[in-house]
Amino acid sequence: MARAFVFSLCLLLVFNGCLAARQSQLSPQNQCQLNQLQAREPDNRIQAEAGQIETWNFNQEDFQCAGVAASRITIQRNGLHLPSYSNAPQLIYIVQGRGVLGAVFSGCPETFEESQQSSQQGRQQEQEQERQQQQQGEQGRQQGQQEQQQERQGRQQGRQQQEEGRQQEQQQGQQGRPQQQQQFRQLDRHQKTRRIREGDVVAIPAGVAYWSYNDGDQELVAVNLFHVSSDHNQLDQNPRKFYLAGNPENEFNQQGQSQPREQGEQGRPGQHQQPFGRPRQQEQQGNGNNVFSGFNTQLLAQALNVNEETARNLQGQNDNRNQIIRVRGNLDFVQPPRGRQEREHEERQQEQLQQERQQQGGQLMANGLEETFCSLRLKENIGNPERADIFSPRAGRISTLNTHNLPILRFLRLSAERGFFYRNGIYSPHWNVNAHSVVYVIRGNARVQVVNENGDAILDQEVQQGQLFIVPQNHGVIQQAGNQGFEYFAFKTEENAFINTLAGRTSFLRALPDEVLANAYQISREQARQLKYNRQETIALSSSQQRRAVV
């Protein structure tokens, strides 16, 4: 009996030890002992044929604490970012430009078809030809007789072609199905594509492949957040990009030991990185670095029912291009025209969604009848000033994005915030209650302070355009726009992130009794009331009102 008890106790200790080791490996919570933060620009850069990819060193303590990685992708005009997927959910913000994005959900039908459009054009051409023949027939009897002769000849040729077609079908009967499938294969069918523009936020689940194309008149710039600590990532904490085409370079160093851009080989950016698990010798031989390149060429050709030359093209062999390629000519694919009617339809659809949410008493039904898995709404634009959730005519505006206006974020467990502050406008001092915040500076500048639990300012810096900084959960933060104003986009690591403010009409101070404030801060009751009611704004605070209050 004693032996059984000791054996059970040992098993319990071993199990708890393994569980603790597993949790420490997956959870970044024990890595948030931060003594200093810093606003950073990207550490690495990969120069592509039609753009560039810049990444931040995710091995820094603040990135490890938040459990995230980040990159900035710039696609030149007529550039194509090749299809890829990641081990972590992604949230993408379009900083500049416009283009097209396609996401591939396995098992979903190809709802964008060229066949219907082509058939309509064909019918129009036939009708036009008939009208032309009627006009020609009215010109004279002689021309009519010639047309009849031509028609008879055409019928004879048609009978001959039908006879030849039947013979070909008999010859191909043992090889497979009739040629009707070949006709369908000649028509393009693919899954839904989505137009993207400045201000759009795009959600990409882990393991979902996507591609993007710049068909605009300026560079397409996007900032990507990878939530590597998500439960959907069953690998380690390293961000991994799995490309399905081309000969890409590794965007993130496997150990997270990023090197400065100027230390690249031979002084060229992007050549200092080595792809995951691929020796340098194989890279010099011209072998591709995409997923297809690891398979045996003959076996891959058999699986796809293509010749080996096509299989080698899929593997990217002898392809010197990397992640972003330049399209020769124009990229032509099936997409609906976008005009005034389509925009009005989107507005009506948004109004209908809001009415449905009100009818449901504020409770959002994810993936209900209005949205299935194959038709998930992946994007929402929060750059429009009319879209603002918080607005002060003297300070600025803030727009939020969560599961209430983009349901897929419930699945990804991410949310976002877009801010635009005028000169000297202040974002009320606050703390993030349930999320880390990863802030990217879109334009302008601001002074930012972040305070830890010991009252130490671990970040006190003027942040500039193109920089990124992290505000850990529960840490106090205050931001004041500079002379150029301040525009930012914040990624939140929780699907419904919210804050508690330290100033303004809805602040922590406003909620406390006067006597509590007076005793806590050693001030008079009159001073306590001034402290509570001096500021009538909520979150976006104007510096002019603050100066008048002090006077």
Side-chain angles (χ1 to χ4, degrees), residues 22-29 31-32 42-44 46 53-73 81-93 101 103-106 201-212 222-244 248-258 273 275-277 290-291 323 376 378-379 401-403 406 408-416 435-440 468 470 472-473 489-495 497:
R22 176 65 175 173
Q23 290 178 348
S24 63
Q25 179 181 1
L26 294 180
S27 175
Q29 292 180 357
Q31 302 177 18
C32 288
D43 304 280
N44 293 332
I46 295 176
I53 298 178
E54 301 167 287
T55 57
W56 281 264
N57 183 2
F58 72 93
N59 200 42
Q60 298 286 348
E61 291 182 351
D62 46 359
F63 281 86
Q64 292 291 316
C65 171
V68 298
S71 68
R72 182 170 61 200
I73 301 176
H81 186 205
L82 295 175
S84 67
Y85 59 91
S86 173
N87 61 325
Q90 298 182 60
L91 207 58
I92 305 171
Y93 179 73
L101 183 142
V104 179
F105 290 90
S106 179
V201 181
V202 184
I204 303 293
V208 172
Y210 80 97
W211 56 270
S212 53
V223 178
N224 292 28
L225 178 92
F226 301 83
H227 193 197
V228 293
S229 62
S230 168
D231 294 338
H232 298 167
N233 176 21
Q234 298 298 309
L235 300 177
D236 51 32
Q237 295 293 304
N238 296 323
R240 301 174 186 264
K241 290 292 291 292
F242 297 83
Y243 277 90
L244 297 168
E249 297 182 52
N250 176 29
E251 299 173 11
F252 295 97
N253 186 276
Q254 191 171 9
Q255 284 77 30
Q257 299 174 354
S258 302
Q273 296 184 346
F276 286 119
N290 64 58
V291 174
Q323 286 96 316
L376 283 173
L378 301 182
K379 72 180 182 74
L401 184 67
N402 50 38
T403 60
L406 190 60
I408 192 176
L409 295 178
R410 178 180 301 221
F411 177 69
L412 270 61
R413 300 198 64 180
L414 292 171
S415 57
H436 302 295
S437 183
V438 183
V439 184
Y440 176 78
L468 184 146
I470 293 176
Q473 178 186 6
F489 181 82
F491 302 91
K492 306 277 189 172
T493 59
E494 180 67 24
E495 68 264 30

Any non-hydrogen side-chain atom of [X] less than 4.5 Å from a side-chain atom of [Y]?
X	Y	value
P248	L82	no
V202	Y210	no
R240	S86	no
H436	C65	yes
I73	H81	yes
L244	W211	no
S71	T55	yes
L468	V438	yes

Quiz item: Where does the angle between the aromatic ring planes of F252 and F226 fall among parallel (under 30°), tilted (30 to 60°) and perpendicular (over 60°)?
Solution: perpendicular
Which heavy-atom pair separates [X] from [Y] by the least distance, and what is that distance?
X	Y	value
L91	A416	CD2-CB, 4.1 Å
L414	L225	CD2-CD2, 4.4 Å
A66	S229	O-OG, 3.9 Å

Quiz item: Ring centroid separation for F63 and F58, is it under 6.0 angstrom?
Solution: no
Quiz item: Are the aromatic rings of F489 and Y440 close, with centres under 6.0 Å apart?
Solution: no
Quiz item: Just wondering, more than 12 heavy atoms not from E494 lying within 6.0 Å of its CD?
Solution: yes
Using a 3.5 Å distance criterion without hydrogens, assess whether the side chain of [X] forms a donor-acceptor pair with backbone atoms of [Y].
X	Y	result
N224	A69	no
Q323	E249	yes
N233	V228	yes

Quiz item: Looking only at side chains, do E251 and Y243 share a donor and an acceptor under 3.5 Å apart?
Solution: yes
Practice problem: Starting at CG of D62, measure out to CD1 of I470 and round the result to the nearest 0.5 Å. | Solution: 4.5 Å
Quiz item: At what distance, to the nearest 0.5 angstrom, does CG of L406 lie from OG of S415?
Solution: 10.5 Å
Self-check item: Residues E495, R410: salt bridge by 4.0 Å N-O rule
Solution: no
Quiz item: Is there a side-chain contact (heavy atoms from CB on, under 4.5 Å) between L376 and F105 once you walk through the steps?
Solution: CA-CA 10 Å; L376 283 173; F105 290 90; 4.2 Å; yes
Practice problem: Evaluate side-chain contact (heavy atoms from CB on, under 4.5 Å) for I408 paired with L378, printing each intermediate quantity in order. | Solution: CA-CA 7 Å; I408 192 176; L378 301 182; 3.3 Å; yes
Exercise. Could you walk me through whether F491 and H227 pass ring-ring contact (aromatic ring centres under 6.0 Å, His included), step by step?
Key: CA-CA 10 Å; F491 302 91; H227 193 197; over 10 Å; no
Exercise. Report the C-alpha distance between N59 and Q64 in whole Å, list the side-chain angles of each, state the deciding distance to 0.1 Å, and finish with yes or no for side-chain contact (heavy atoms from CB on, under 4.5 Å).
Key: CA-CA 6 Å; N59 200 42; Q64 292 291 316; 3.8 Å; yes
Quiz item: Run the side-chain contact (heavy atoms from CB on, under 4.5 Å) check on L401 and L409 step by step: do they pass?
Solution: CA-CA 9 Å; L401 184 67; L409 295 178; 3.9 Å; yes
